[in-house]
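To keep things clear, I will list the structure first and then write my remarks on it.
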Amino acid sequence: EPLHCLVNNAGVFDMSGAYAKTKDGHEQHYGTNYLAPALLSLLLMPSLKRAGTPQAPARVVFVCSKLHEFSSGLQLDDLAFERRRYGARAAYAQSKLAELLFVRELER
């Protein structure tokens with residue numbers, strides 16, 4: 001079956017404020033909201049490209065959040081909040097900013 005559209009709508013926002021990691025060891029918001037959907041998109045890209053045509057290109061859709069605006073930027077040296085104060089809202093905002101930047105790059 002051709003794959004014409006992928007909708008990434010993963011999302012976790014742990015309002016308890018508790019720090020948690022994914023099974024892979026990533027901060028939970030970053031791993032769930034950004035890494036997993038980005039990886040899925042990249043793995044399915046060959047199928048999406050085969051299904052698309054110049055007249056009807058395949059689509060990858062990410063459901064984002066305006067809360068990325070609360071991020072002060074991606075802290076590339078500490079994405080997991082291991083060397084800075086952890087906050088669930090900051091972690092969520094960072095994950096959504098990463099997602100948005102990935103989508104912009106994917107669009108090119």
Side-chain angles (χ1 to χ4, degrees):
E1 293 287 324
L3 179 60
H4 295 279
C5 185
L6 171 63
V7 179
N8 288 305
N9 190 24
V12 63
F13 185 7
D14 186 352
M15 295 181 63
S16 74
Y19 182 85
K21 288 187 174 186
T22 65
K23 290 181 183 178
D24 295 336
H26 301 284
E27 187 278 324
Q28 68 174 340
H29 294 96
Y30 191 74
T32 303
N33 298 343
Y34 167 64
L35 288 176
L39 178 59
L40 179 63
S41 298
L42 293 173
L43 291 173
L44 293 176
M45 194 57 60
S47 180
L48 287 157
K49 286 182 177 181
R50 281 193 305 273
T53 67
Q55 299 79 20
R59 304 276 186 215
V60 177
V61 177
F62 275 77
V63 178
C64 294
S65 166
K66 248 178 115 49
L67 285 179
H68 73 276
E69 294 175 353
F70 287 104
S71 177
S72 60
L74 291 180
Q75 304 297 317
L76 297 176
D77 62 339
D78 190 21
L79 292 169
F81 287 84
E82 293 173 335
R83 294 186 302 277
R84 59 188 161 131
R85 182 182 159 104
Y86 179 77
R89 186 173 85 169
Y92 180 82
Q94 178 179 262
S95 73
K96 289 302 183 175
L97 178 60
E99 183 179 73
L100 183 63
L101 294 172
F102 177 78
V103 168
R104 286 188 177 168
E105 188 61 28
L106 195 61
E107 187 176 28
R108 297 190 322 138

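In Glu69, the CD atom is crowded: over 12 heavy atoms of neighbouring residues, nucleotides or ligands sit closer than 6.0 Å.
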Checklist entry - Please walk me through it: do Glu105 and Arg108 pass salt bridge (Lys or Arg N to Asp or Glu O under 4.0 Å)? => result CA-CA 5 Å; Glu105 188 61 28; Arg108 297 190 322 138; 2.9 Å; yes
Checklist entry - Should Glu107 and Val60 be marked as a side-chain contact (heavy atoms from CB on, under 4.5 Å) after you check the CA-CA gap, both sets of side-chain angles, and the distance that decides it? => result CA-CA 9 Å; Glu107 187 176 28; Val60 177; over 6 Å; no
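Although no hydrogens or angles enter the test, the distance criterion places no donor-acceptor pair under 3.5 Å between the side chain of Thr53 and the main chain of Pro57. Side-chain atoms of Asp14 come within 3.5 Å of backbone atoms of Ser16 as a donor-acceptor pair (strictly under, hydrogens ignored).
Residues Lys21 and Glu82 are paired through a salt bridge, judged by an N-O separation under 4.0 Å between the basic side chain and the carboxylate.
Residues Phe102 and Pro37 have side chains not in contact (no heavy-atom distance under 4.5 Å, counting atoms from C-beta outward). Considering only heavy atoms from C-beta on, Leu101 stays 4.5 Å or farther from His68 through its side chain. Within the 4.5 Å cutoff, the side chain of Tyr34 has no heavy atoms near those of the Leu79 side chain. With a 4.5 Å cut-off on side-chain heavy atoms, Thr32 and His26 do not count as touching.
Each of Leu43 and Leu35 belongs to its own hydrophobic cluster when Ile, Leu, Val, Met, Phe, Trp and Tyr are linked at side-chain heavy-atom distances under 4.5 angstrom. No path of Ile, Leu, Val, Met, Phe, Trp and Tyr side chains, each step under 4.5 Å between heavy atoms, connects Val12 with Leu39, placing them in separate hydrophobic clusters. Cluster annotation: Val103 is connected to Leu42 through the hydrophobic network of ILVMFWY side chains, with a link wherever side-chain heavy atoms come within less than 4.5 Å.
With sequence neighbours excluded, the residues forming a side chain to side chain contact (heavy atoms under 4.5 Å, CB included) with Leu44 are Leu3, Leu6, Leu40, Leu48, listed by chain and number. With sequence neighbours excluded, the residues satisfying side chain to side chain donor-acceptor pair (under 3.5 Å) with Tyr86 are Glu27, His29. Annotation: side chain to side chain contact (heavy atoms under 4.5 Å, CB included) contacts of Pro2 (sequence neighbours excluded): His4, Ala51.
Rounded to the nearest 0.5 Å, atoms CD (Gln75) and CG (Leu97) are 10.0 Å apart. Atoms CD and CG, on Gln28 and Asn33 in that order, are 8.5 Å from each other to the nearest 0.5 Å. Atom CZ of residue Phe70 and atom OG of residue Ser65 lie 9.0 Å apart, to the nearest 0.5 angstrom. Atom NZ in Lys96 sits 13.0 Å away from atom OG in Ser71 (nearest 0.5 Å). From Gln94, atom CD reaches atom CG of Leu67 across 13.5 Å, with rounding to the nearest 0.5 Å.
A cation-pi geometry, defined here as NZ or CZ lying under 6.0 Å from the six-membered ring centre and within 45° of its normal, holds between Arg84 and Phe81.
Summarising the geometry of Tyr19 relative to Ala80, their closest heavy-atom pair is OH-O, 2.6 Å, with the distance given to 0.1 Å.
Using bins of under 30°, 30° to 60° and over 60° for the plane-to-plane angle, the ring pair Phe13/Tyr92 lands in the parallel bin.
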